[in-house]
Protein chains: 2
Amino acid sequence: MSELLVDANPFPDGLDARLRAQLAFLVEVDRLKTVLRQSPLAAAARRENDAEHSWHLALMVGVLAEYADEPIDIGHTVQLVLLHDLVEIHAGDTPLYDGAAAADQAAREEAAAERIFGLLPPDQAERMRALWDEFEARRTPEARFAKAMDRLQPLLLNWMARGGTWRTPGVTADEVRARKAVIGDASTALWAAGRRLIDEGERRGWARSTATNS
Amino acid sequence: MSELLVDANPFPDGLDARLRAQLAFLVEVDRLKTVLRQSPLAAAARRENDAEHSWHLALMVGVLAEYADEPIDIGHTVQLVLLHDLVEIHAGDTPLYDGAAAADQAAREEAAAERIFGLLPPDQAERMRALWDEFEARRTPEARFAKAMDRLQPLLLNWMARGGTWRTPGVTADEVRARKAVIGDASTALWAAGRRLIDEGERRGWARSTATNS
């Protein structure tokens with residue numbers, strides 16, 4: 001994937017260089033629609049892609065911001081979720097319950113960030129990279145809330161699928177709770193609701209109580 | 001489609017009524033991922049869905065806001081594009097070059113707006129409905145820029161597809177220019193670029209010069 005999508009059909013002459021770079025980036029990010037996640041859709045029998053997922057998080061921010069334990073800037077939080085998965089265009093999706101893939105995830109995603117944001121004019125590349133770093137570091141209330149949405153949304157989809165990725169071999173309800181606990185770093189109320197869904201899922205057998213009863 | 005998705009698997013007891021309504025709405029909007037548009041993706045051989053499209057517009061707002069002829073609030077503009085197509089969950093996508101479908105589009109979408117936003121608690125339903133009305137009326141700089149993104153994004157995809165929906169039977173390059181001219185209500189620079197792509201597409205035969213040479 002060394003070529004850009006736009007290389008297959010370059011824009012005509014007569015576009016200013018800055019706008020040309022921005023439009024090339026905006027065409028290239030179309031690839032996010034082809035990066036499949038593990039989560040099943042609630043509305044159809046197929047897996048979700050990263051672009052759909054990112055849209056869903058962005059809408060959730062506006063609806064659920066009132067549950068943030070610290071005040072958040074909604075517009076800023078939305079910017080974080082809109083671009084948080086762009087690195088997966090080159091680094092791929094790393095399943096939440098895949099320890100091996102997680103090992104070199106940071107290095108792969110760092111390189112991917114340079115590559116995708118580097119298509120933009122330098123000032124915008126720097127701004128987007130800073131937003132992505134902010135999301136990853138989770139040191140601002142906005143980044144913590146964005147991460148909470150990133151964990152709550154698949155939890156809703158897994159509930160609707162009566163288990164979904166909770167049924168990944170070897171995964172227990174305790175591990176699901178541990179992976180989802182970051183929701184509580186942003187919102188006590190949303191984590192209480194999320195835990196309620198996991199607890200009830202465990203009770204119904206959609207998530208395993210122990211690693212050995214699978 | 002009288003039932004909600006969540007009716008197939010209701011949330012457990014113990015969730016507060018307001019949050020329960022918000023989560024039911026957030027599950028229901030998963031359906032936007034199943035509403036297909038006419039536009040072909042640039043990154044894969046399939047049509048785009050409304051959720052992917054909405055994400056793409058939201059990202060475009062941040063990258064292209066500098067070209068707005070009037071100052072815009074980026075966060076507010078992003079809110080408009082994130083929800084602008086939710087009515088299509090019930091009203092369906094109305095192809096840009098389909099005059100018959102456009103005839104009752106407004107009435108179908110009004111009813112759909114009541115239905116989808118009405119799932120939210122009243123204060124949020126009212127706010128979302130107001131944002132959708134603002135988008136549709138195009139009387140604010142933010143709404144005009146949001147509409148410009150909504151017309152520019154498929155123009156980029158059609159360019160990448162060497163024609164795409166420009167090749168719809170009976171459609172001419174002049175009709176494409178007429179439908180896309182609203183981009184110029186928000187941004188002189190982006191409309192100049194969009195027109196450049198259409199003009200060059202016409203020159204290459206990707207859009208017909210007259211209705212009779214098809």
Side-chain angles (χ1 to χ4, degrees), chain A residues 5-6 8-9 11-16 19-20 22-23 25-34 41-44 48-49 51-56 58-60 62-64 67 73-76 78-79 82-83 86 120 124 128 153 156-157 159-162 189-190 192-193 196-197 199-200, chain B residues 5-6 8-9 11-16 19-20 22-23 25-34 41-44 48-49 51-56 58-60 62-64 67 73-76 78-79 82-83 86 120 124 128 153 156-157 159-162 189-190 192-193 196-197 199-200:
Chain A
L5 287 175
V6 78
N9 199 30
F11 296 127
D13 293 338
L15 298 184
D16 157 89
L19 180 54
R20 176 182 294 269
Q22 291 162 323
L23 295 182
F25 168 83
L26 290 170
V27 167
E28 191 65 14
V29 299
D30 204 61
R31 293 192 195 268
L32 199 68
K33 302 168 189 172
T34 69
L41 292 190
E48 187 181 41
N49 69 55
E52 298 169 326
H53 167 69
S54 300
W55 165 78
H56 211 160
L59 197 72
M60 286 174 73
V63 172
L64 299 178
Y67 299 105
D73 178 315
I74 292 178
H76 188 79
V78 168
Q79 288 299 317
L82 288 174
L83 61 77
L86 282 179
L120 285 165
Q124 290 194 325
M128 282 232 178
Q153 188 256 3
L156 292 175
L157 294 184
W159 171 266
M160 291 306 299
R162 297 179 159 81
L190 294 180
R196 182 79 192 89
L197 296 184
D199 292 351
E200 180 65 18
Chain B
L5 287 175
V6 79
N9 198 31
F11 295 126
D13 292 340
L15 299 184
D16 158 89
L19 180 54
R20 175 181 294 271
Q22 290 162 323
L23 296 182
F25 167 82
L26 290 170
V27 166
E28 191 65 15
V29 300
D30 205 61
R31 293 193 195 268
L32 199 68
K33 302 167 188 173
T34 70
L41 292 190
E48 186 182 43
N49 69 55
E52 298 169 325
H53 166 71
S54 299
W55 166 78
H56 211 160
L59 197 72
M60 287 174 73
V63 173
L64 300 178
Y67 300 105
D73 178 314
I74 291 179
H76 188 79
V78 168
Q79 288 298 320
L82 287 175
L83 62 77
L86 282 179
L120 285 165
Q124 289 194 326
M128 283 234 179
Q153 188 256 4
L156 291 175
L157 294 182
W159 172 266
M160 291 305 299
R162 297 179 161 81
L190 294 180
R196 181 78 190 88
L197 295 184
D199 292 351
E200 180 64 18

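In the text below, chain A, chain B and the rest are named by the order of the sequence lines, each starting its count at 1.
Between A:Leu19 and A:Phe11 the shortest side-chain heavy-atom distance does not fall below 4.5 Å. Within the 4.5 Å cutoff, the side chain of B:Phe25 has heavy atoms near those of the B:Met128 side chain. Within the 4.5 Å cutoff, the side chain of B:Leu32 has heavy atoms near those of the A:Trp55 side chain.
Only the side chain of A:Leu15 comes within contact range of chain B, with heavy atoms under 4.5 Å apart. Within the 4.5 angstrom heavy-atom criterion, only side-chain atoms of A:Glu200, from C-beta onward, approach chain B. Of the two parts of A:Asp73, neither the backbone nor the side chain holds a non-hydrogen atom closer than 4.5 Å to a non-hydrogen atom of chain B.
The main-chain N or O of B:Val63 is found under 3.5 Å from a side-chain atom of A:Gln124 such that the two form a donor-acceptor pair. B:Asn9 places no side-chain N or O within donor-acceptor distance of the main-chain N or O of A:Ala161, the cut-off being under 3.5 Å.
In terms of heavy-atom pairs under 4.5 Å with chain A, the best-connected choice from B:Leu156, B:Leu59, B:Val6, B:Asp16 is B:Leu59. Interface summary for chain A: among B:Val78, B:Leu197, B:Asp199, B:Leu41, the most heavy-atom pairs under 4.5 angstrom belong to B:Leu41. Interface summary for chain A: among B:Ala44, B:Pro12, B:Gly75, B:Ala193, the most heavy-atom pairs under 4.5 angstrom belong to B:Pro12. Considering only heavy-atom pairs separated by less than 4.5 Å from chain A, the leading option among B:Ala189, B:Ala58, B:Gly14 is B:Ala58. Highest contact tally toward chain A, considering only B:Leu157, B:Leu64, B:Leu190, is held by B:Leu64 [criterion: heavy-atom pairs under 4.5 Å]. Interface summary for chain B: among A:Asp30, A:Ile74, A:Asp13, the most heavy-atom pairs under 4.5 angstrom belong to A:Asp30. Each of A:Thr34, A:Leu82, A:Leu5, A:Leu120 has some count of heavy-atom pairs under 4.5 Å with chain B, and the biggest count is that of A:Leu82.
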Verdict with reasoning, B:Lys33 to A:His53, per side-chain contact (heavy atoms from CB on, under 4.5 Å): CA-CA 9 Å; B:Lys33 302 167 188 173; A:His53 167 69; 6.0 Å; no

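Only one option out of A:Leu23, A:Val29, A:Leu26 pairs with B:Met60 in a side chain to side chain contact (heavy atoms under 4.5 Å, CB included); it is A:Leu26.
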